[in-house]
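Remarks on the structure that follows.
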Amino acid sequence: MRIVLLGPPGAGKGTQAKMIARDLGISVLSTGDIIRLAIKNQTPWGKKAEKFVESGGLVPDEVVIGIVKEKIDQDDLWSGFILDGFPRTIKQAEALEAMLGERNLSLDAVLYFAVDKEEVIKRLSSRRVCENCQATYNLLSNPPLQEGICDRCGGKLVQRDDDKPEVIRQRLETYEKETKPLIDFYQKRNLLYVIPSNGPIEEVYNKVKEVLEEVTAR
Ligand code: ADP
Ligand code: ADP
Ligand code: ZN
């Protein structure tokens, strides 16, 4: 199954991606995680990407498209993947369509996580991530067992630099302008499934499962 997860920052894409991956055994490709790792390691393109991420903008299309293609090839994921955070622009969506088309493949579904703006701001400001294994927590909805410490690996939990209020505001603007048009793009291709996502994690996941069953049965 080839799935794209779409939605504003903080909608819960990463959280749901991990749950789908665990249950269906499909690999997740998160462009945000790949980009953050490259910045942390200060690789040549990681250095260039840093200023875009810090300011709440997008890393240039050519760079991200190149990374995704390379990663799908490298990990041999053409038969199945969950894309978390890609595509984020029409250009990226067209590039993805072309990559798949070259291989006579297509997407099975695009899950759009629909959440109110206030809820998204609340989720982002209370998000904490493990510095060591990238596990995601939430101070309000999904706290770790022990404050400041990752349940899975004992690593330190930190706030992402781009989860500070000024950057959150800019990321939401970037989303409205660059990414929201993808809803229409995928609706036209009959691939869009709307997941109402204001509720708790498990409730959202139940809807995801329902939709994926429907997609499989199609
Ligand atoms: P995204 O990948 O879309 O940016 P995340 O999966 O990182 O979103 O979720 C954003 C934050 O909100 C995290 O702290 C996560 O633990 C929390 N979260 C995710 N889904 C929900 C939900 N349905 N209700 C409340 N909090 C959630
Ligand atoms: P969130 O889901 O919370 O918005 P991500 O972890 O998906 O965050 O992405 C973090 C940042 O990485 C984005 O704000 C953007 O700067 C960059 N990024 C991630 N994916 C893409 C993409 N597909 N195209 C361009 N930039 C991206
Ligand atoms: Zn950890």
Side-chain angles (χ1 to χ4, degrees), residues 4-20 28-39 45-46 49-68 71 82-93 95-96 111-116 119-144 146 148-163 167-168 170-175 178-179 182 195-208:
V4 162
L5 306 188
L6 186 64
K13 301 180 297 297
T15 302
Q16 298 291 328
K18 284 179 191 148
M19 296 169 88
I20 303 169
V28 182
L29 201 164
S30 157
T31 43
D33 283 351
I34 297 172
I35 293 168
R36 271 186 296 280
L37 187 68
I39 294 175
W45 71 259
E50 195 163 14
K51 64 173 187 291
F52 298 103
V53 176
E54 273 174 356
S55 63
L58 294 180
V59 176
D61 286 330
E62 317 79 69
V63 178
V64 182
I65 292 165
I67 297 166
V68 168
K71 193 79 185 158
I82 304 164
L83 293 182
D84 165 17
F86 180 92
R88 251 179 161 93
T89 64
I90 296 279
K91 255 216 166 131
Q92 294 178 13
L96 175 62
L111 309 188
Y112 166 53
F113 295 93
V115 202
D116 294 343
E119 177 65 20
V120 150
I121 294 172
K122 191 168 110 183
R123 288 183 192 175
L124 289 173
S125 12
S126 49
R127 172 162 63 188
R128 294 294 182 272
V129 294
C130 174
E131 185 172 68
N132 178 46
C133 77
Q134 318 326 312
T136 301
Y137 297 85
N138 193 282
L139 298 182
L140 305 171
S141 61
N142 182 25
Q146 210 181 330
I149 294 171
C150 179
D151 296 349
R152 283 179 43 196
C153 79
K156 188 175 154 208
L157 301 186
V158 295
Q159 182 170 40
R160 272 167 51 175
D161 285 332
D162 61 347
D163 279 344
V167 193
I168 290 179
Q170 185 53 53
R171 283 160 66 208
L172 291 174
E173 264 177 46
T174 304
Y175 170 76
E178 306 281 349
T179 310
L182 291 179
I195 314 279
S197 304
N198 280 316
I201 294 174
E202 283 300 330
E203 191 181 302
V204 175
Y205 187 56
N206 284 333
K207 287 178 205 133
V208 168

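First listed ligand is number 1; within each ligand, the first listed atom is number 1.
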Nearest non-hydrogen protein atom to atom 27 (C) of ligand 2, with distance, is I35 CD1, 3.7 Å
V167 and S55 have their tightest heavy-atom pair at CG1-C, 4.1 Å
Here the atoms of ligand 1 under 4.0 Å from any heavy atom belonging to Y137 are 13 (C), 14 (O), 16 (O)
| N/O to N/O below 3.5 Å, does that happen between P9 and ligand 1? | no
So the atoms of ligand 2 within less than 4.0 Å of a heavy atom of R127 turn out to be 3 (O)
So does R127 pair up with D163, basic N to acidic O under 4.0 Å?
yes
Walk me through whether D61 and R88 qualify under side-chain contact (heavy atoms from CB on, under 4.5 Å). CA-CA 9 Å; D61 286 330; R88 251 179 161 93; over 6 Å; no
Hey, is the main chain of L157 close enough, under 3.5 Å, to the side chain of Y137 for a donor-acceptor pair?
no
Of all heavy-atom pairs linking P196 and K207, the shortest is O-NZ, 3.3 Å
Practice item. Indicate yes or no: at least one non-hydrogen side-chain atom of S197 is less than 4.5 angstrom from one of Y112. Key: no
Check whether any N or O atom of R36, backbone or side chain, sits under 3.5 Å from an N or O atom of ligand 2, and answer yes or no. yes
shortest atom 2 (O) of ligand 1-to-protein heavy-atom contact is with G14 N, 2.9 Å
| query | Within the side chain of N198, is there an N or O that forms a donor-acceptor pair under 3.5 Å with the backbone of D116? | reply | yes
Of all protein heavy atoms, the one nearest atom 15 (C) of ligand 1 is T15 OG1, 3.8 Å
Under 4.0 Å from one or more heavy atoms of Q92, ligand 2 contributes atoms 22 (C), 23 (N), 24 (N), 25 (C)
- Test side-chain contact (heavy atoms from CB on, under 4.5 Å) on T179 and T174 and set out the steps. CA-CA 7 Å; T179 310; T174 304; 5.7 Å; no
Task: Heteroatom distance test (L124, ligand 1): nitrogen or oxygen, under 3.5 angstrom - done: no
min-distance protein heavy atom vs atom 8 (O) of ligand 2 -> R160 NH2, 3.1 Å
Near G57 (heavy-atom distance under 4.0 Å), the atoms of ligand 2 are 14 (O), 15 (C), 16 (O)
Looking only at protein heavy atoms, what sits closest to atom 19 (C) of ligand 2 is R88 NH1, 3.4 Å
Quiz item: Based purely on interatomic distance, does V59 place a nitrogen or oxygen under 3.5 Å from a nitrogen or oxygen of ligand 2?
Solution: yes
Of all heavy-atom pairs linking Q159 and R128, the shortest is NE2-NH1, 3.6 Å
Atom 12 (O) of ligand 2: of V53, I168, T179, the nearest heavy atom sits on V53
task: May I ask you to check whether R128 has an N/O atom sitting below 3.5 Å from an N/O atom of ligand 1?
output: no
Quick one: does E178's side chain have a donor or acceptor within less than 3.5 Å of a partner on E173's backbone? no
The answer for which part of K91 has a heavy atom under 4.0 Å from ligand 2 is neither
For atom 4 (O) of ligand 1, the closest protein heavy atom turns out to be G10 N, 2.8 Å
N138, any N or O under 3.5 Å of ligand 1 N or O: yes
Closest non-hydrogen contact found for P8 with K13 is O-NZ, 2.9 Å
| said: As a quick check of understanding, evaluate side-chain contact (heavy atoms from CB on, under 4.5 Å) for L29 and I82, giving each step before the final call. | reply: CA-CA 6 Å; L29 201 164; I82 304 164; over 6 Å; no
Among non-hydrogen protein atoms, atom 13 (C) of ligand 1 lies closest to T136 CG2, 3.6 Å
Per-atom filter on ligand 2: closer than 4.0 angstrom to a heavy atom of K13 are 2 (O)
A student checking ligand 1 against N142 at a 4.0 Å heavy-atom cut-off should list atoms 16 (O)
Short version for Q170: what comes under 4.0 Å of ligand 2, heavy atoms counted, is neither
Polar-atom distance check: G85 versus ligand 2, any N or O pair below 3.5 Å? yes
shortest atom 3 (O) of ligand 2-to-protein heavy-atom contact is with R171 NH2, 2.6 Å
ask   = Stepwise, does the side-chain contact (heavy atoms from CB on, under 4.5 Å) test hold for V115 with R123?
value = CA-CA 11 Å; V115 202; R123 288 183 192 175; 4.1 Å; yes
Would you say that P144 contacts I149 through its side chain, given a criterion of any heavy-atom pair below 4.5 Å between the two side chains?
no
- Query: Checking D84 side chain against V28 main chain: does a donor-acceptor pair fall under 3.5 Å?
  - Reply: no
Worksheet entry | Check: G85 main-chain N/O paired with T31 side-chain donor or acceptor under 3.5 Å | yes
Note: P9 and L172 closest approach over all heavy atoms is CG-CD2, 3.9 Å
Note: ligand 2 atoms sitting under 4.0 Å from heavy atoms of V64 are 22 (C), 23 (N), 24 (N), 25 (C)
Q. Do any heavy atoms of G7 fall under 4.0 Å from ligand 1?
A. no
Contact between L96 and F86 at the side-chain level, heavy atoms closer than 4.5 Å - yes or no?
yes
Short version for P200: what comes under 4.0 Å of ligand 1, heavy atoms counted, is backbone
A student checking ligand 1 against A11 at a 4.0 Å heavy-atom cut-off should list atoms 3 (O), 8 (O)
Nearest non-hydrogen protein atom to atom 20 (N) of ligand 1, with distance, is I201 CG1, 3.5 Å
The angle formed at the Zn ion (ligand 3) by SG of C153 and SG of C150 is about (to 10 degrees) 110°
Heavy-atom nearest pair, W45 first then I67, reads CH2-CD1, 3.2 Å
Ranking S141, P8, S125, G12 by closest non-hydrogen atom to atom 9 (O) of ligand 1, top hit is G12
Per-atom filter on ligand 2: closer than 4.0 angstrom to a heavy atom of T31 are 19 (C), 20 (N), 21 (C), 23 (N)
G199 heavy atoms within 4.0 Å reach ligand 1 at atoms 22 (C), 23 (N), 24 (N)
